[in-house]
Amino acid sequence: MTIETIDPQTPLCFDHITLTDRPLIVCDIDEVVLEFVTPFQTFLKAGGRELLPRSFRLHGNIVPLGSTEPVPDTMVPTLLEDFFQTQDAWQTPARQAAETLADLSGEADIVFLTAMPPRHTEVRRRLLDRHGLSAYPLLATEAPKGPVVRQLHDARDVPVVFIDDILRNLESVRTHAPDCLLIRLMANAEFLAMAPAPSEGIESAADWADAARIIRRHLQHGSHL
């Protein structure tokens, strides 16, 4: 789902991340590790609004309850800001996410890379920690993800995997880290059905169990083909 962000880009600090000589898995958060669409819908309804499944975006699909007319586009960033400020009251892990990541962490380093205003990092960190996801360092940025993954991986001679629900992010990583295994994974089936199909070279995972299968195949054979 397209989420229009509102903060300027902020330089990233990698000082809290220590990578080993193992493979690297870089993983998006919203709709991948944590549910986003379903809790955001609950958040909106608490405020007298709802998200209609009319297209794969937020703008134009958030309406007052009982109406089909969208709220002004200028209101959407404010709603997102309010949601992210209180995300720990709404969001929960996607099905199988915590368990699968725990299993994969025995084979690879895992880093979370979320497209979220960096000012919300602290509340997201608390939320992740509360749900047993404290072992994985977190980067929050509104910068394109491709250069971030490239800088994080730093041309190390080990496999690298990137998981996200948004094709724009996957394609950014493909441009800047072309050897990366790319996996599209999205928790909400209703909105996933409206998403554009992945382009060539991007794997689609039905769920976390499927993602783990694709990742392990890549780690064993050095290719996702």
Side-chain angles (χ1 to χ4, degrees), residues 1-7 26-84 87 90-97 112-117 120 124 140-146 148-149 161-176 180-208 210-211 214:
M1 171 172 298
T2 301
I3 299 176
E4 292 82 355
T5 53
I6 56 177
D7 272 9
V26 183
C27 190
D28 181 37
I29 298 291
D30 292 304
E31 272 305 298
V32 178
V33 173
L34 297 177
E35 297 270 1
F36 172 81
V37 172
T38 299
F40 188 60
Q41 289 172 320
T42 304
F43 162 82
L44 289 173
K45 287 182 178 179
R49 304 175 185 88
E50 63 181 327
L51 174 62
L52 299 180
R54 299 188 293 200
S55 64
F56 193 71
R57 63 197 307 268
L58 297 184
H59 284 254
N61 290 323
I62 298 175
V63 302
L65 287 172
S67 173
T68 59
E69 291 299 315
V71 301
D73 282 353
T74 54
M75 184 181 290
V76 176
T78 301
L79 292 169
L80 281 169
E81 175 71 12
D82 292 345
F83 177 76
F84 282 131
Q87 61 188 274
W90 306 99
Q91 290 185 273
T92 55
R95 184 175 177 268
Q96 300 178 308
F112 289 156
L113 174 59
T114 185
M116 183 188 70
H120 301 306
R124 172 141 294 178
T141 181
E142 294 177 287
K145 291 189 175 182
V148 178
V149 171
V161 177
F162 177 67
I163 309 171
D164 204 293
D165 62 314
I166 303 298
L167 292 187
R168 178 184 67 251
N169 297 329
L170 290 156
E171 290 164 354
S172 174
V173 172
R174 177 170 59 193
T175 297
H176 294 275
C180 185
L181 168 65
L182 305 171
I183 300 176
R184 198 272 296 276
L185 175 63
M186 185 174 183
N188 188 281
E190 186 174 35
F191 278 83
L192 175 62
M194 295 182 290
S199 53
E200 185 177 356
I202 299 175
E203 297 269 8
S204 288
D207 52 28
W208 267 103
D210 193 30
I214 295 169

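Atoms considered below: every heavy atom in the structure, side chains included; atoms not considered: hydrogens, waters and symmetry mates.
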Within this structure, what is the [atom1]-[atom2] distance for the pair [X] and [Y], rounded to the nearest 0.5 Å?
{"X": "Ile29", "Y": "Asp165", "atom1": "CD1", "atom2": "CG", "value": "11.0 Å"}
{"X": "Ile183", "Y": "Phe162", "atom1": "CD1", "atom2": "CZ", "value": "10.5 Å"}
{"X": "Phe36", "Y": "Trp90", "atom1": "CZ", "atom2": "CH2", "value": "12.5 Å"}
{"X": "Glu35", "Y": "Gln91", "atom1": "CD", "atom2": "CD", "value": "9.0 Å"}
{"X": "Glu203", "Y": "Ile163", "atom1": "CD", "atom2": "CD1", "value": "11.5 Å"}
{"X": "Arg174", "Y": "Glu171", "atom1": "CZ", "atom2": "CD", "value": "5.0 Å"}

Which residues share a side-chain contact (heavy atoms from CB on, under 4.5 Å) with [X], sequence neighbours left out:
{"X": "Thr175", "value": "none"}
{"X": "Met75", "value": "Arg49, Val71, Pro72, Leu79"}
{"X": "Ser67", "value": "Pro64, Glu69"}

Polar side-chain atom of Glu31 near backbone of Asn188 as donor-acceptor pair, under 3.5 Å: yes
May I ask you to test the Leu170-Pro198 pair for a side-chain heavy-atom distance under 4.5 Å? no
Excluding sequence neighbours, so at least two apart, what forms side-chain hydrogen bond (donor to acceptor under 3.5 Å, both in side chains) with [X]?
{"X": "Asn61", "answer": "Arg54, Ser55"}
{"X": "Asp82", "answer": "none"}
{"X": "Gln87", "answer": "Arg124"}

Qualifying residue, where the test is ring pair (Phe, Tyr, Trp, His ring centres under 6.0 Å) with Phe40 and the options are Phe83, Phe191, Phe84: Phe83
